[in-house]
> 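Here it is, the structure in full.
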Amino acid sequence: MLAQIYETVDVDDETRTWLNGMTTTEITAENSSYYFGIENLEFEEAIASEPAMSSIAYSLCLLRVSEGTDIEQLKTDIKENVNPAKWVCVSVEDENVIVDNIGDVVILIMHNEYAEALHNAFLSLE
């Protein structure tokens with residue numbers, strides 16, 4: 001799903017190359033607070049796509065929830081608790097933090113320039 005988002009997002013070639021150079025990290029319950037702002041979050045699987053080293057505030061996380069999860073409440077909890085200033089020197093404006101879902105997959109996007117384009121690419125996968 002992450003590859004499909006990066007393939008279809010409406011950005012220039014330079015930005016697409018930058019996005020494809022992100023590091024993909026597995027998210028665990030133990031590190032869920034760093035990515036979603038929620039301690040010991042329960043879920044089926046999750047990944048984060050972020051720069052290995054950069055002064056650009058960017059994070060895209062995909063989270064497959066467990067059956068029976070109240071997805072609307074989870075999205076609210078993430079939006080209210082995620083830290084858009086988790087990087088040392090840079091941050092994302094609140095309006096550029098997007099939390100949404102398609103079925104049992106929740107996406108968290110934090111980027112000041114391409115959040116909406118990435119969100120649209122995600123929604124196109126429905």
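Worth saying up front: this structure is predicted, and the values here are computed from it rather than measured. For the numbers below, each heavy atom of this structure counts, side chains included, while hydrogens, waters and symmetry mates do not.
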> Filter on side chain to side chain donor-acceptor pair (under 3.5 Å), then keep only pairs touching residues 83-93, sequence neighbours left out; what's left?
Glu50-Lys86
> Considering the options Asp70, Asp77, Thr76, which one meets the side chain to side chain donor-acceptor pair (under 3.5 Å) requirement together with Gln73?
Asp77
> Parallel, tilted or perpendicular: which describes the rings of His111 and Trp18, with under 30° parallel and over 60° perpendicular?
tilted
> If hydrophobic clusters are built by linking Ile, Leu, Val, Met, Phe, Trp and Tyr wherever their side-chain heavy atoms come under 4.5 Å apart, do Val11 and Leu125 end up in the same one?
yes
> Using atom types as modelled and distance alone, determine if a side-chain donor or acceptor of Ser66 lies under 3.5 Å from a backbone N or O of Thr69.
no
> More than 12 non-hydrogen atoms from neighbouring residues, nucleotides or ligands closer than 6.0 Å to CG on Asp10, yes or no?
no
> Can you find a pair of side-chain heavy atoms, one from Val106 and one from Phe43, that are under 4.5 Å apart?
no
> Over all heavy atoms of both residues, which pair between Met110 and Leu108 is shortest? Give the atoms and the distance, please.
CG-CD1, 4.1 Å
> Is there side-chain contact between Thr15 and Tyr114, with heavy atoms separated by less than 4.5 Å?
yes
> What closest approach, in Å, do Ala121 and Ile5 show between heavy atoms, and which atom pair accounts for it?
CB-O, 3.7 Å
> Ignoring hydrogens and angles, tell me if any N or O in the side chain of Asn96 forms a donor-acceptor pair with the backbone of Val92 under 3.5 Å.
no
> With a 4.5 Å cut-off on side-chain heavy atoms, are Thr23 and Pro51 touching?
no
> Do Leu2 and Ile109 belong together in a cluster built from hydrophobic side chains that touch within less than 4.5 Å?
yes
> If we ignore angles and hydrogens, is there a donor and acceptor under 3.5 Å between the side chains of Ser49 and Tyr58?
no
> So, does Arg64 use its side chain to make a donor-acceptor pair with the main chain of Asp104 at under 3.5 Å?
no
> Which heavy atom of Ala115 sits nearest to which heavy atom of Ile98, and what is that distance?
O-CD1, 3.5 Å
> Is there a side-chain contact between Leu41 and Leu63, using heavy atoms and a 4.5 Å cut-off?
yes
> Honestly curious: do Val9 and Ile102 fall in one hydrophobic cluster under the side-chain, below-4.5 Å linking rule?
yes
> If two hydrophobic side chains count as joined below 4.5 Å and joins carry through other members, does Val105 share a cluster with Tyr6?
yes
> Would you indicate whether the side-chain heavy atoms of Leu74 and Asn101 approach each other to under 4.5 Å?
no
> Might you confirm whether atom CD of Glu26 has over 12 heavy atoms from other residues, nucleotides or ligands at distances under 6.0 Å?
no
> Calculate, to the nearest 0.5 Å, the distance between atoms OG1 and CG belonging to Thr8 and Leu118 respectively.
9.0 Å
> Consider only side-chain heavy atoms of I, L, V, M, F, W and Y, link residues closer than 4.5 Å, and tell whether Val90 and Ile56 are in one cluster.
no
> Of Thr25, Thr24, Ile27, Leu60, which is the lone residue that meets side chain to side chain contact (heavy atoms under 4.5 Å, CB included) with Ile47?
Thr24
> Below 4.5 Å, heavy atoms only, C-beta onward: do Gln4 and Phe122 meet side chain to side chain?
no
> Rounded to the nearest 0.5 Å, how far does OG of Ser32 lie from OH of Tyr35?
10.5 Å
> What distance separates Tyr34 OH from Ser59 OG, expressed to the nearest 0.5 Å?
7.5 Å
> Heavy atoms only: give me the nearest Glu44-Val65 pair and the separation to one decimal.
CG-O, 3.5 Å
> Quick check: does any side chain N or O of Asn81 sit under 3.5 Å from a backbone N or O of Ile78, one acting as donor and the other as acceptor?
no
